[in-house]
Amino acid sequence: MNKTADIVIIGGGVSGCSIGYYLLKNGAKNVVILERDYLSAGATGRCGAGIRQQWGLELNCRMSKFSCEFFENAVSELEFDGDVEFHQGGYLLLISAEAELEQMKKNIALQNSLGIASRLITLDEAKEIVPYLNTDNLLAAAFHQKDGHLNPFHTTQAFAEAFKRLGGVIETRTAVTGVTVSNGRITGVETDKGTIQTGTVVNAAGGYAQGIAKMAGVELPLYSERHNILVTEPVEPLLAPMVMSFSLNLYCQQSPHGSFVMGRTDDSQPRDLRVSAYSGFPELMSRSVTGLMPPLKNLRMLRQWAGLYNMSPDKAAIYCEAPNVSGFYTAAGFSGHGFMMAPATGQSMTELILGLTPTLPWPKMGLDRFETGELLLEPSVV
Amino acid sequence: MRINTHPILEFKRGAAVTITFDGKPIEARDNETIAVALHAAGIRNIGRSMNLHRDRGLFCAIGNCSSCMMIVDGVPNVRTCLELCRDGMTVETQHDKGVLA
Amino acid sequence: MLEQTGIPEASDINGVFPSDERLAKGPVAVIECFQRIPCNPCSTACRRGAIEAFDDINDLPKVNHEKCNGCSLCVSRCPGLAIMVVDMTYAEDKALLKLPYEFAPLPEEGSSVTALNRAGEAVGEALVVKVQNTPALDKTPLVSIAVAKDLARTVRNFRVTDDTSAESPGILRGDEAPSPMVCRCNDLDLDNIRDLMKKGFTSIDEIKRVSRLGMGPCQGRNCIPLVLGELSRFLGKPVSELDPGTYRPVVKSVSLGAVAEYDGEALTE
Amino acid sequence: MIKTDLLVIGAGPAGLCAAVAAGESGKDVLILERSHTPGGQLVKQTHMFFGSEKQHAATRGFDIASILLDKLNAMSNVRMVTNATVLAAYDDGLWTADILGKYEKIMPQAVVCATGANEKSLAFPGCDLPGVYGAGAVQTLMNQYGVLPAERAVMLGAGNIGLIVSYQLLQAGVKVLAVAEGSARIGGYLVHAAKLRRMGVPIMTAHTVKAAYGKESLEAVTLWALDDKWQGIPGTEITYRADTLCVAVGLSPLSELLWQAGCKMLYVPALGGHVPYRDDNLRTSLPHIFVAGDAAGVEEASSAMVEGTLAGLSAAEYLNAAPADIKERKNDCLSQLAQLRSGHVGERISAGLELARIKEAAGIC
């Protein structure tokens, strides 16, 4: 293992690999990614891997639009010898309340002004997209064709291979045990395989970001919450878009492989880093999803699992350098949207760390917002 | 083929029923599984693999593998080594991942 | 050698045959049990105490040939069908072998059958003298056949039908061998798996995630043990040191419709 | 939600014995069996069992199943449901099941996991052709349903299952062309080998399958000899015109539910694969979960029955319903197991079990 590095990234998920790729692409040298297990072992490998540009905050729209455009060209941009399985079947956001409809109209106006071609559609139009959709409790829907979903393992692998091609080093099965700080500056990272001297650490540890920050004496206003997800047996193509309902708190997509992947937010879930499967999830999920899409009753569930949403107080990401420890950077608190924001995260953190002119709205996404009260309250999240 | 005389065992055959396999009627018993009834009729090639479309037959017979999945009464991916025959049941070879009605 | 072929050597047989003097006195049991296995019904079957009681259930049976009268009670009680009764006094030139025979159809009394040795090879003619198939025998019928005396130590079976045209296996040439299928659910063969290992995916979880191995309806029951073996060879580590991956609910696929109908927390019983 | 004192998973030899032993304590016992018929592999065993009288030696497997089921059915506090698959174990103590097509949750006070084993696969060219079966599948076809796989069979594996199923194929009227065994010696009981051999079936040690061939289903099987490094020797190929190839290369414990429940597991080759740590009472690293039969380590059905009884007694004890003579009965089980494992096959198993044993002093719990 390297004894020194210019930059050490902690976390081999899609965020860490994207940050590593963008750093090297923009001239950084000697960058090491540390992953305690294997690439994508954490939240990346457990997520629904959707990407949407239909947001209610301008900065979220811009970050996701950047990411989506990146994903469209990811295979050639990253020179990946594989497929990231980007399926742009759209996001169908179901609307079931008047207030939601009003919000959605505002969102769409904002999105359209940013060049995102989302639109409000009638239930009849929604049924053209998903013919068997049960529209009983719905008012309308929002749709954007360019949204979609990817294969999270292959996407992360594509970033990781490009990172290595540019000279980056990835150490898997290497757990960080400490972050050393001297006189308010980062001096190194301790791992179970040895110590790396470095002046710059990037905390991209997802659900475990708060724990990593603590090692450096940095307090982050984050917590991690267990979210459950299930996958079904594969069937022939049946569902083109990612279907999402804020009132039912669910999302559901069919991967190009044919299996359906679906999840549901449940406030009862623990916040103690447990990722064991939850016994109550299958029936809650099945009830909502089969109510909405009755043909799925005959679809068989194969597996359920859970992963961590790393939550920030306003459910928007945090991109920052720690105020009390220089050289300690964090990209965390994605609140369930870390995968889709990954390209923007890589670009943003690179601009932050290398002192480049911001091309994305990350300067508004620092820690100071929690002190100034300029919160980034996103109205449209599951 | 069914065993008629066995030195040790006597078989309690269930009531005769007829199932349809890819449009052809097959004599079966109501206490045997679909895969067994097809075997008794000499049909061992009962499916295709998902991606390469390789021929598939009964392999584990107790629901531990995925080798015997067929379309039963319109529902795809049914493990025919577990599903008992019912009179009038329609059984079809599954050539794809399965189409949900 | 017995352990390689399943055929006892002549010395094995001679070792369990009674003396010529004892054979000359009448029927007697011969037990061809050459391996210590946990099994004792023969000793408990004998009412004369001719098969010595076992100290250890794995003991090899010891027949006291003087106490044994060849009643054949033990023959159908032996789960390994390793016992026969030999009667060298049956006739001037014929020995009578009482053999357990669990096949249909049973031979007709008085019919002629082909005598087989312990390799199943035809060694002569035999006459079916008696066929016993009482309920007490519990479906292990006893068939007594008369064979030439000099075949008494050779014959151990017979064939009713005149079948078995000898198989003539040929050498296969120019075979095209596809790569062995490892994962039936997702059509992954051994080459696919080895390629992934060479690319650096060297744990079950990684291979699963990158290839969907083990993520189909069989839940990895068939492929994961195979791939653990491949990984073990590739990494030079015993399987005990490899992580088999996470076993997630559910062990058998279940329809969303059935799960959705779960009637809450109502107590069914 | 179903509440029960004891949940027994699997109605094979181990599960049935566990349910009977625990049922005698008067506690509510729910035994769930995934198949539509109870008895597990017992119902497919046409041969007489080895062992001693206590394990029903010299009785045929399917008859043993009837004996155990009669005992079980006589107990009003023991309820058995077939067509009932336990689907998952969760860390909140809940188990879910597909019971007669209905999704159910179960909250048991104690669990005996007697899920049995799965047949191991072998990867060889053509291994997925129709006509290539697990040996157990052929046993199910022939002995449970009275249906032949086809006409001409080759068997892979001369362990007890390979030898017994070959013999059963002959009994059902199928021609068995050869039994190939990779290792240099026959692994199963030599009495089984001898009764097969004298029917004229060649047992080819140090041989394995090279490839299986066929257009739509199996038509031919090529075997070849193995050198002492288990590599095929070119030029030794023998091809049989066969329509059935049975794979009997061992079993691995079905331990998914134990993993899910959070039992501490380890890999023991002598026991067939991953098994739970357990103490002498067959209690796993979780105090309320017990294990018995092949799920605890692949052995003969005789041992599975004794283990089932022991696990059932231990579960009753855990539920504070131990019979007065529990000590004697448990000791009897332990001495039966010691006997069954004292033979030459048993030595390897005993060594494996020692690895998986929770030594109280070591405090693995």
Side-chain angles (χ1 to χ4, degrees), chain A residues 81-85 87 89 92 126-135 149 151 153-154 230-243 250-262 282 285-304, chain B residues 17 19-23 32-38 45-101:
Chain A
D81 173 29
D83 185 2
V84 297
E85 296 176 16
H87 171 78
L92 184 67
K127 289 191 95 151
E128 281 172 25
I129 299 166
V130 182
Y132 44 86
L133 187 71
N134 174 3
T135 54
H149 48 79
N151 181 314
F153 314 110
H154 294 181
L230 69 79
V231 64
T232 70
E233 64 193 359
V235 288
E236 290 297 310
L238 184 67
L239 181 65
M242 171 81 91
V243 172
L250 71 76
Y251 62 87
C252 173
Q253 55 116 320
Q254 184 180 20
S255 73
H257 166 68
S259 52
F260 278 67
V261 176
M262 55 188 83
M285 184 76 238
S286 301
R287 255 178 239 152
S288 333
V289 82
T290 60
L292 206 52
M293 295 184 274
L296 302 197
K297 282 180 186 167
N298 280 332
L299 193 60
R300 288 179 194 78
M301 160 186 175
L302 277 184
R303 252 182 331 281
Q304 71 169 112
Chain B
V17 294
I19 63 171
T20 312
F21 166 71
D22 285 348
E32 66 192 13
T33 64
I34 296 166
V36 165
L38 294 177
N45 189 325
I46 58 175
R48 303 287 176 274
S49 70
M50 200 184 290
N51 299 321
L52 303 176
H53 308 286
R54 294 170 66 88
D55 294 305
R56 287 281 182 266
L58 185 66
F59 179 68
C60 82
I62 50 171
N64 278 343
C65 77
S66 56
S67 206
C68 66
M69 290 187 167
M70 303 181 79
I71 305 166
V72 176
D73 288 338
V75 178
N77 300 324
V78 175
R79 283 191 162 101
T80 56
C81 73
L82 298 180
E83 196 78 10
L84 295 178
C85 294
R86 290 185 304 271
D87 199 34
M89 191 179 236
T90 309
V91 179
E92 296 161 85
T93 307
Q94 192 172 322
H95 294 271
D96 51 25
K97 288 173 181 172
V99 177
L100 280 194

ask   = Which value, rounded to the nearest 0.5 Å, describes the distance between Phe260(A) atom CZ and Leu100(B) atom CG?
value = 6.5 Å

All ring-ring contact (aromatic ring centres under 6.0 Å, His included) counterparts of His87(A), not counting sequence neighbours = His149(A)

Asn298(A) and its side chain to side chain contact (heavy atoms under 4.5 Å, CB included) partner, picked from Val75(B), Asn77(B), Val78(B) = Val75(B)

inquiry  = With rounding to the nearest 0.5 angstrom, report the CZ to CZ distance, Arg79(B) to Arg300(A).
reply    = 8.5 Å

key: Validation row: Glu233(A), Met50(B) side chains within 4.5 angstrom (heavy atoms)   = no

query = Which pair of non-hydrogen atoms, one from Pro256(A) and one from Lys97(B), has the smallest distance, and what is that distance?
reply = O-NZ, 4.3 Å

